[in-house]
Amino acid sequence: MTGTTFVIGAGPGIGQAVARRFAEDGASVAVLARSRSTVDGAVAAVEQAGGTALGLLADAADEASLRSGLDAAVERLGVPDVLVYNAAWVRYDRPGELSAAELTATLRVNVVGAVSAVTHLAPRMAAAGGGTVLLTSGMPAPRAGATSLSLGKAALRAARSVLADEFGPRGVHLATVTVGGPVSPGSALDPDRIAEHYLRLARQSAGAWEHDVLIDGGTVE
């Protein structure tokens with residue numbers, strides 16, 4: 001496929017793998033992350049694979065920063081055909097361990113940033129003829145030992161349903177990719193293997209849209 005892909009949260013692992021894979025498929029790619037080192041690493045990973053990428057700073061937890069970064073990407077590359085939200089705050093905590101402020105901070109990254117990004121760009125994607133939004137999820141089975149992450153990923157899947165109800169009829173395909181375990185190169189949950197599913201979802205026509213995909217290392221549901 002060709003077109004334009006924006007990847008929010010482009011650290012080593014799924015973010016870089018997705019950026020590389022879409023670039024290999026001919027897409028113009030923008031990678032957005034909070035730190036310069038992450039952005040530079042993602043751009044370098046795409047270039048090493050023979051592609052090119054626009055690197056931009058944006059903090060998924062800060063609505064103004066996120067919108068500014070997305071607007072800069074649109075100004076340079078145009079409205080994206082594919083938007084990938086891969087930003088996450090992965091931490092392991094138990095019920096009551098975090099203060100209300102600390103828990104809220106994780107949710108700003110794990111779910112609120114996704115809603116901000118989608119509501120900022122999906123109307124423009126719809127006006128341009130449609131597109132695909134892919135949200136990286138996880139924790140298919142919530143666990144007390146990963147309370148904030150479990151809550152955030154469950155909320156992200158609910159957000160997908162709400163956003164699909166809003167933007168799906170306008171031609172925007174919204175799907176979550178729920179990764180059912182630790183991502184590790186060379187394992188059943190190798191990031192490059194996972195990236196293939198993002199590309200597969202982005203290629204789907206309206207009549208064949210999948211909405212919630214679980215990758216557990218052995219099967220895809």
Hydrophobic cluster of Val46, others only, ordered by chain and residue number, side-chain cut-off 4.5 Å = none
side-chain contact (heavy atoms from CB on, under 4.5 Å) with Phe6: which of Val84, Leu70, Val31?
-> Leu70
Rounded distance [0.5 Å steps], CG in Leu199 versus CD in Gln204 = 10.5 Å
If every non-hydrogen atom of Val115 is compared with every non-hydrogen atom of Ala159, which pair is closest and at what distance?
-> CG2-CB, 3.9 Å
Output every pair passing salt bridge (Lys or Arg N to Asp or Glu O under 4.0 Å) with a member in residues 32-53, not counting sequence neighbours, ordered by first then second residue.
-> Arg36-Asp40
May I ask you to decide if Ser161's main-chain N or O and Asp165's side chain share a donor-acceptor pair within less than 3.5 Å?
-> no
Could you tell me whether the side chain of Phe22 reaches within less than 4.5 Å of the side chain of Val82, counting heavy atoms only?
-> yes
Ionic contact status for Asp192 with Arg20, cut-off 4.0 Å = yes
Indicate yes or no: does Arg203 engage Asp25 in a salt bridge with an N to O separation below 4.0 Å.
-> yes
Compare all side-chain heavy atoms of Val183 with those of Ile194 and state whether any distance is below 4.5 angstrom.
-> yes
Hey, are the side chains of Leu54 and Leu77 touching, using non-hydrogen atoms and a 4.5 Å cut-off?
-> yes
Roughly how far apart are Leu156 CG and Leu149 CG, rounded to 0.5 Å?
-> 10.5 Å
On a heavy-atom basis, the closest approach of Leu98 and Ser148 is CD1-CB, 3.9 Å
Do the side chains of Val179 and Leu189 get nearer than 4.5 Å, heavy atoms only?
-> yes
Val79 and Ala128 have their tightest heavy-atom pair at CG1-CB, 4.4 Å
Salt bridge (Lys or Arg N to Asp or Glu O under 4.0 Å) partners for Asp93, two or more places apart = Arg91
Glu210 and Arg200 ion-paired at < 4.0 Å = yes
Any donor-acceptor pair under 3.5 Å linking the side chain of Asn110 with the backbone of Trp89?
-> yes
Can you name the nearest heavy-atom pair linking Gly51 to Ala23, along with the distance?
-> CA-CB, 4.3 Å
How many angstroms lie between atom CD of Glu75 and atom CG of Leu56, to the nearest 0.5 angstrom?
-> 10.5 Å
Which heavy-atom pair separates Ala58 from Leu32 by the least distance, and what is that distance?
-> CB-CD2, 4.0 Å
Any chance you could lay out the side chain to side chain donor-acceptor pair (under 3.5 Å) test for Asp59 and Ser65, step after step, and finish with the verdict?
-> CA-CA 6 Å; Asp59 185 351; Ser65 171; 5.6 Å; no
Run the numbers on Thr136 and Tyr198 for side chain to side chain donor-acceptor pair (under 3.5 Å), then give the verdict.
-> CA-CA 9 Å; Thr136 302; Tyr198 285 75; 2.5 Å; yes
Are Val109 and Met139 connected in the hydrophobic side-chain network, where two residues link if heavy atoms are under 4.5 Å apart?
-> no
Could you tell me whether a side-chain N or O of Asp81 sits under 3.5 Å from a main-chain N or O of Thr4, the two making a donor and an acceptor?
-> yes
So do the side chains of Leu83 and Ile8 get within less than 4.5 Å of each other, counting heavy atoms only?
-> yes
So, the side chain of Ser150 versus the backbone of Ala146: is there a donor-acceptor pair under 3.5 Å, distance only?
-> yes
Give the C-alpha distance, both sets of side-chain angles, the deciding distance and a yes or no for salt bridge (charged side-chain N to carboxylate O under 4.0 Å, His left out) between Arg67 and Asp62.
-> CA-CA 9 Å; Arg67 288 175 177 251; Asp62 183 320; over 6 Å; no
How close do Pro80 and Val74 get, heavy atom to heavy atom, and via which atoms?
-> CD-CG2, 4.3 Å
So do Met125 and Val133 actually touch side chain to side chain, heavy atoms under 4.5 Å?
-> yes
Please name the residue in the list Asn86, Leu201, Val18, Ile14 that meets the side-chain contact (heavy atoms from CB on, under 4.5 Å) test with Val177.
-> Leu201
Parallel, tilted or perpendicular: ring planes of His173 versus Trp209, cut at 30 and 60 degrees = parallel
With sequence neighbours excluded, what pairs up with Glu166 under the salt bridge (Lys or Arg N to Asp or Glu O under 4.0 Å) test?
-> Arg170
Sequence neighbours excluded, the answer for salt bridge (Lys or Arg N to Asp or Glu O under 4.0 Å) partners of Glu196 is Arg21
Verify side chain to side chain contact (heavy atoms under 4.5 Å, CB included) between Asp212 and Arg160, making sure each step is shown before the conclusion.
-> CA-CA 9 Å; Asp212 297 285; Arg160 184 218 63 83; 3.3 Å; yes
Could you walk me through whether Leu134 and Leu174 pass the side chain to side chain contact (heavy atoms under 4.5 Å, CB included) test, one step at a time?
-> CA-CA 6 Å; Leu134 303 173; Leu174 283 110; over 6 Å; no
Assess the side chains of Ser137 and Arg157: does a donor N or O sit below 3.5 Å from an acceptor N or O?
-> yes
Ser35 (side chain) donor-acceptor with Thr38 (main chain) under 3.5 angstrom = yes
Going by chain and number, the hydrophobic cluster around Val162 (ILVMFWY, side chain to side chain under 4.5 Å) further includes none
Taking side chain as C-beta onward, heavy atoms only, is Val7 less than 4.5 Å from Thr5?
-> yes
Tell me, do Leu103 and Leu151 make a side-chain contact under 4.5 Å, heavy atoms counted?
-> yes
